[in-house]
Amino acid sequence: MNQKTTILVAPPLQNSSCSHSRYIHLSFLSELGPGDVLEALIVFMLTTGVLAANSILILVINSRRYSKYIHSQPKYLLTSLASNDLAMGLLVTPFAIVPSLRRCWPYGELVCQIQALLRGAISQQSAVILICMAMDRYLCMLHPARYHKHSSKKRLALMLAIKKTPAPAIQI
């Protein structure tokens, strides 16, 4: 019984997208059309908008002024979702500007693999956070008394304090 052993080898880290023969003779700026510039401008504006909106959302949710209106669990979930979208805007979206202009991937295989990993991981994390938010809201609507008893630190401390104090004696 002869068994072949297979050795796994990482793929070569060379960029073949922009170094292809159809791209070598083209100059980067001479072939840009108004549609390419408009597409890159839209990607840039979306990136800026995502970063600004999520930064403002994180600051507003966690400010002292609005913390009394939002329970702690939804606040944590909303902050986590906004931070996740902020990471998408910082780590994934800006890398789409140059490929939208050049119609090829200029960063190399390693950055391509990292980008693919980040896109998948951040998208899955967003989905998990949304599922947790849906479960949180479902429990809040279905069992409000139990939800607030377990989710509110102030109420839990108040209920514990009430249980520890003896009942007042009735005087006749």
Side-chain angles (χ1 to χ4, degrees), residues 6 8 10-11 13 17 38-101 103-172:
T6 307
L8 297 176
L13 296 176
S17 177
L38 182 64
E39 185 178 345
L41 185 64
I42 289 172
V43 170
F44 177 74
M45 288 173 49
L46 285 174
T47 302
T48 307
V50 165
L51 294 176
N54 285 302
S55 299
I56 290 171
L57 182 64
I58 290 170
L59 292 173
V60 167
I61 287 174
N62 293 309
S63 70
R64 288 185 182 166
R65 181 177 183 181
Y66 297 106
S67 65
K68 58 186 170 188
Y69 301 113
I70 303 173
H71 292 288
S72 60
Q73 283 179 331
K75 180 173 68 170
Y76 295 145
L77 290 169
L78 287 171
T79 302
S80 178
L81 187 63
S83 300
N84 198 13
D85 290 342
L86 187 65
M88 180 72 93
L90 281 173
L91 302 173
V92 175
T93 312
F95 286 95
I97 294 173
V98 174
S100 69
L101 284 173
R103 304 272 187 237
C104 64
W105 185 259
Y107 303 119
E109 294 290 329
L110 182 64
V111 176
C112 179
Q113 291 174 359
I114 291 171
Q115 285 293 304
L117 177 74
L118 284 174
R119 284 179 185 171
I122 292 174
S123 298
Q124 277 187 330
Q125 187 177 3
S126 292
V128 168
I129 293 169
L130 289 172
I131 289 170
C132 290
M133 289 175 78
M135 289 172 43
D136 181 63
R137 296 294 87 202
Y138 176 77
L139 290 174
C140 181
M141 293 295 140
L142 192 63
H143 307 288
R146 190 170 24 166
Y147 173 81
H148 291 294
K149 181 177 130 182
H150 292 294
S151 67
S152 174
K153 292 179 184 176
K154 292 177 185 175
R155 184 173 173 146
L156 186 61
L158 180 66
M159 291 181 76
L160 288 175
I162 290 173
K163 286 181 183 178
K164 287 182 181 178
T165 57
I170 301 175
Q171 295 180 0
I172 300 180

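Since the structure is predicted, the reported quantities are computational estimates derived from the model, not experimental observations. Sequence positions, counted from 1, serve as the residue numbers for this chain. All values below come from the heavy atoms of this structure, side chains included, with hydrogens, waters and symmetry mates left out.
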With no hydrogens and no angle check, is any side-chain donor or acceptor of [X] less than 3.5 Å from a backbone partner on [Y]?
X: Asn84; Y: Ile122; result: yes
X: Thr48; Y: Phe44; result: yes
X: Thr93; Y: Leu46; result: no
X: Asn54; Y: Val50; result: yes
X: Gln115; Y: Leu91; result: yes
X: Ser80; Y: Leu77; result: no

What is the distance from atom [atom1] of [X] to atom [atom2] of [Y], rounded to the nearest 0.5 Å?
X: Ser126; Y: Met133; atom1: OG; atom2: CE; value: 11.0 Å
X: Phe95; Y: Leu90; atom1: CZ; atom2: CG; value: 10.5 Å
X: Asp85; Y: Ile129; atom1: CG; atom2: CD1; value: 8.0 Å
X: Gln125; Y: Leu130; atom1: CD; atom2: CG; value: 11.0 Å
X: Ile61; Y: Tyr76; atom1: CD1; atom2: OH; value: 12.5 Å

As a quick check of understanding, evaluate side-chain contact (heavy atoms from CB on, under 4.5 Å) for Leu78 and Leu57, giving each step before the final call.
CA-CA 9 Å; Leu78 287 171; Leu57 182 64; 5.8 Å; no

Check the orientation of Tyr66 and Tyr69. Use parallel for under 30°, tilted for 30 to 60°, and perpendicular for over 60°.
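Tilted: the ring planes of Tyr66 and Tyr69 meet at 30° to 60°.
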
With a 4.5 Å heavy-atom cut-off, do [X] and [Y] have their side chains touching?
X: Thr79; Y: Lys75; answer: yes
X: Ser123; Y: Met88; answer: yes
X: Cys104; Y: Pro99; answer: no

Take Ser63 and Leu59, measure what side-chain contact (heavy atoms from CB on, under 4.5 Å) needs, and give me the verdict at the end.
CA-CA 6 Å; Ser63 70; Leu59 292 173; over 6 Å; no

For a side-chain contact (heavy atoms from CB on, under 4.5 Å) check, start with the C-alpha distance between Leu139 and Arg146, then their side-chain angles and the critical distance, and finish with the verdict.
CA-CA 9 Å; Leu139 290 174; Arg146 190 170 24 166; over 6 Å; no

Might you point out which heavy atoms bring Thr47 and Gly89 nearest each other, and give the distance in Å?
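Minimum heavy-atom separation between Thr47 and Gly89: CG2-O, 3.6 Å.
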
Derivation and outcome, side-chain contact (heavy atoms from CB on, under 4.5 Å), residues Tyr147 and Gln73
CA-CA 10 Å; Tyr147 173 81; Gln73 283 179 331; 3.2 Å; yes

